[in-house]
Amino acid sequence: MHTLNIDVAIIGAGTAGLAAYRAAKAHGKSAVLIEGGPYGTTCARVGCMPSKLLIAAAEAAHHAGHAAMFGVHVDGPVRIDGREVMARVRGERDRFVGFVLRGVESIPPQDRLRGYARFIDNTTLQVDEHTLIQAQRVVIATGSSPAIPAPFRAFGDRLIVNDDVFSWETLPQSVAVFGPGVIGLELGQALSRLGVKVRVFGVGGAVGPLSDPAIRDYARQALSADFYLDPDAKILEMDKDGEQARIRYLNLDGEEVEERFDYVLAATGRAPNVKGLGLENTSLQLDARGVPVFDPETLLCVGAPVFIAGDANNILPLLHEAADEGKTAGDNAARYPDVQPGLRRSSIAVVFSDPQMMMVGRRFADLPPGGFVTGEVSFEDQGRSRVMGINKGLLHVYADAATGRFLGAEMIGPRAENLAHLLAWSHQQGLTIAQMLEMPFYHPVIEEGLRTALRDAAARLQG
Ligand SMILES: Cc1cc2nc3c(=O)[nH]c(=O)nc-3n(C[C@H](O)[C@H](O)[C@H](O)COP(=O)(O)OP(=O)(O)OC[C@H]3O[C@@H](n4cnc5c(N)ncnc54)[C@H](O)[C@@H]3O)c2cc1C
């Protein structure tokens, strides 16, 4: 077995791992980046980018089919060519992956190691059966994987996860999606708009990441108008029948229905990739899920000079957070034991459904009861939204009742991805509702809807 002495060993060459590697090297340390799976990152290969490519095709289909309200008629039914749809998704996806691969290739070969790493002790790693690494510090940046509840195994080879969708050559006829979280809603709606028969089933009533009951109810109704969505489904039976999955369930009217699907997409959450890392061989303190206990500011784990970043620590499983945390982990691994808090931006999350959803700052569910006011706007009569025929949505902005400071927002509605940025930037600046209302608003724009919500909050702060 080959042996290697190194300052910083990084497990996982995803977004967090790559950022950690660059940061450690910038401090003049020796570093090695260990990757067991394919290079290219989850985001580019099977995550953010291919899902948005599929959504882009779905939006094109939707707009083509809904132009008549403007007096614009596309002759005949919209024809969707599944092979062409998937060829573009895969082709563009491969382009994005190509950029990442070029970045990886620019890393000196001696700093890259192929294989799966596991801890032998606090700072000794074994990579497959070929290399033993003696590191001063270790960064765990192993990402996450779909967590599939055991009963879903009844679907046999009809059961798929998001990765599988993006390798399809063409679109199937029918897909049942379990889990109306971000991934399930984005993929479910996109497939539905591309002509696939889709049913989306959930448990407990959650819709995306929303925590404000009014926004969540609006979201459920708005999305249900577009595709079958039951966030609290009653599933009676599920198994594989021939080459199809069979599901017997109570529909939204309480009637018993039995349907067959080409595939069942499990979008039932993601779990950090910590199993198989040999963490039991270390003195790291582990939580109930087997994830090392760590300081969210410095990402230092309790019990050893080990840091954990990105989806692996599961606190904010988003791309920009993985990049920021990777840098923090790499910086701190390099300067250990002199660790420092890394950059933590105001929180921002977007769901690329239609209408889009967004959450900024503190979630409604985490606000102090009685300590805040809510400003509201409906987008149903909002000028520019109506002009464009996208006048569906509800926005809540939350403000501190004592200081008037903007605390957070939840929304489903038009251009939520853009409003989320305005609001997250305001949140990070610590602005009050009054200061936000001093900012310019052009006319006629969707941001005028945001102004209505801010004015509503201002009135409530005064009243
Ligand atoms: C369908 C989907 C859509 C998404 N859309 C968005 C979006 O729109 N916006 C957004 O912000 N986020 C989105 N995300 C989330 C985002 O993709 C992730 O937060 C981000 O990619 C996590 O990066 P990471 O570096 O933590 O993990 P990864 O990029 O997964 O990297 C982890 C790497 O570690 C490797 N590895 C694991 N174990 C070992 C081991 N023992 N030894 C060696 N290597 C190992 C893996 O092979 C992998 O390459 C989406 C995710 C999915 C699945």
Side-chain angles (χ1 to χ4, degrees), residues 9-21 32-56 89 93 96-97 100-101 104 112-119 125-128 131 133 138-147 160-166 177 179 181-188 190 208-209 265-279 299 308-327 329-330 345 347-353 356-358 417 420:
I10 298 137
I11 313 175
T15 304
L18 285 163
Y21 169 80
V32 66
L33 190 58
I34 310 155
E35 175 54 62
Y39 283 130
T41 75
T42 290
C43 172
R45 288 189 316 106
V46 291
C48 331
M49 300 314 280
S51 58
K52 267 80 258 179
L53 284 161
L54 194 73
I55 289 168
V89 169
R93 183 271 308 267
F96 291 118
V97 171
V100 182
L101 294 184
V104 172
R112 291 185 252 141
L113 214 51
R114 298 293 277 143
Y116 283 95
R118 58 192 303 275
F119 285 84
L125 299 174
Q126 181 175 329
V127 181
D128 285 351
T131 308
I133 300 176
V138 179
V139 176
I140 301 172
T142 48
S144 62
S145 306
I160 56 166
V161 295
N162 56 288
D163 300 27
D164 302 304
V165 171
F166 307 124
V177 179
V182 179
I183 294 173
L185 287 179
E186 287 189 357
L187 296 183
L265 172 64
T268 39
R270 293 176 71 83
N273 291 330
V274 289
K275 287 201 182 79
L277 271 181
L279 295 175
L299 304 179
I308 186 162
D311 280 17
N313 70 31
N314 210 28
I315 46 171
L316 293 159
L318 297 169
L319 187 275
H320 67 282
E321 300 285 357
D324 284 351
E325 289 186 3
K327 180 170 185 320
R345 304 168 208 258
S347 105
I348 175 170
V350 175
V351 185
F352 294 86
S353 51
Q356 295 181 336
M357 299 176 205
M358 67 88 169
E417 66 178 279

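As the structure lists them, so they are numbered: ligands from 1, and atoms in each ligand from 1.
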Specify the protein heavy atom at minimum distance from [atom]: its residue, its atom name, and the distance to 0.1 Å.
atom                    : result
atom 25 (O) of ligand 1 : Ala16 N, 2.8 Å
atom 43 (C) of ligand 1 : Gly36 N, 3.3 Å
atom 19 (O) of ligand 1 : Asp311 OD1, 2.7 Å
atom 41 (N) of ligand 1 : Ala117 O, 3.2 Å
atom 46 (C) of ligand 1 : Glu35 OE2, 3.4 Å
atom 8 (O) of ligand 1  : Lys52 NZ, 2.7 Å
atom 27 (O) of ligand 1 : Gly143 CA, 3.3 Å
atom 51 (C) of ligand 1 : Gly47 CA, 4.0 Å

By the definition side-chain contact (heavy atoms from CB on, under 4.5 Å), identify the one residue from Thr142, Val139, Val127, Val138 that meets it with Ile34.
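Result for side-chain contact (heavy atoms from CB on, under 4.5 Å) with Ile34: Val127.
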Using a 4.0 Å cut-off to any heavy atom of [X], which atoms of ligand 1 qualify?
X      : answer
Thr15  : 25 (O), 29 (O)
Leu277 : 41 (N)
Pro317 : 15 (C), 19 (O)
Gly37  : 47 (O)
Leu319 : 10 (C), 11 (O), 12 (N), 19 (O)
Gly115 : 42 (N), 43 (C)
Phe352 : 8 (O)
Arg270 : 53 (C)

How does Ala141 reach ligand 1, by side chain, by backbone, by both or by neither, if only non-hydrogen atoms under 4.0 Å count?
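Backbone only.
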Taking only non-hydrogen atoms of Gly276, do any sit less than 4.0 angstrom from ligand 1?
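The answer is no: ligand 1 sits nowhere under 4.0 Å from a heavy atom of Gly276.
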Compute whether any side-chain donor of one residue and acceptor of the other, for Asn273 and Ser144, lie under 3.5 angstrom apart.
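No, no side-chain donor-acceptor contact under 3.5 Å.
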Can you tell me if Glu186 uses its side chain to pair, donor with acceptor, with the backbone of Ser353 under 3.5 Å?
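Side chain of Glu186 to backbone of Ser353, a donor-acceptor pair under 3.5 Å: no, none is there.
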Could you check whether Arg114 makes a cation-pi contact with Tyr39, meaning its NZ or CZ is under 6.0 Å from the centre of the six-membered ring and within 45° of the ring axis?
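Positive - Arg114 is close enough to the ring of Tyr39 and near enough to its axis.
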Check: Ile183 and Arg270 side chains under 4.5 Å, non-hydrogen atoms:
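The answer is yes; the side chains approach within 4.5 Å.
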Minimum distance, heavy atoms only, to atom 28 (P) of ligand 1: which one of Ile348, Thr42, Ile11 is it?
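Ranked by closest heavy atom to atom 28 (P) of ligand 1, first place is Thr42.
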When you measure from atom 6 (C) of ligand 1 to each heavy atom in Gly12, Cys48, Gly310, which option holds the nearest one?
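Shortest heavy-atom distance from atom 6 (C) of ligand 1: Cys48.
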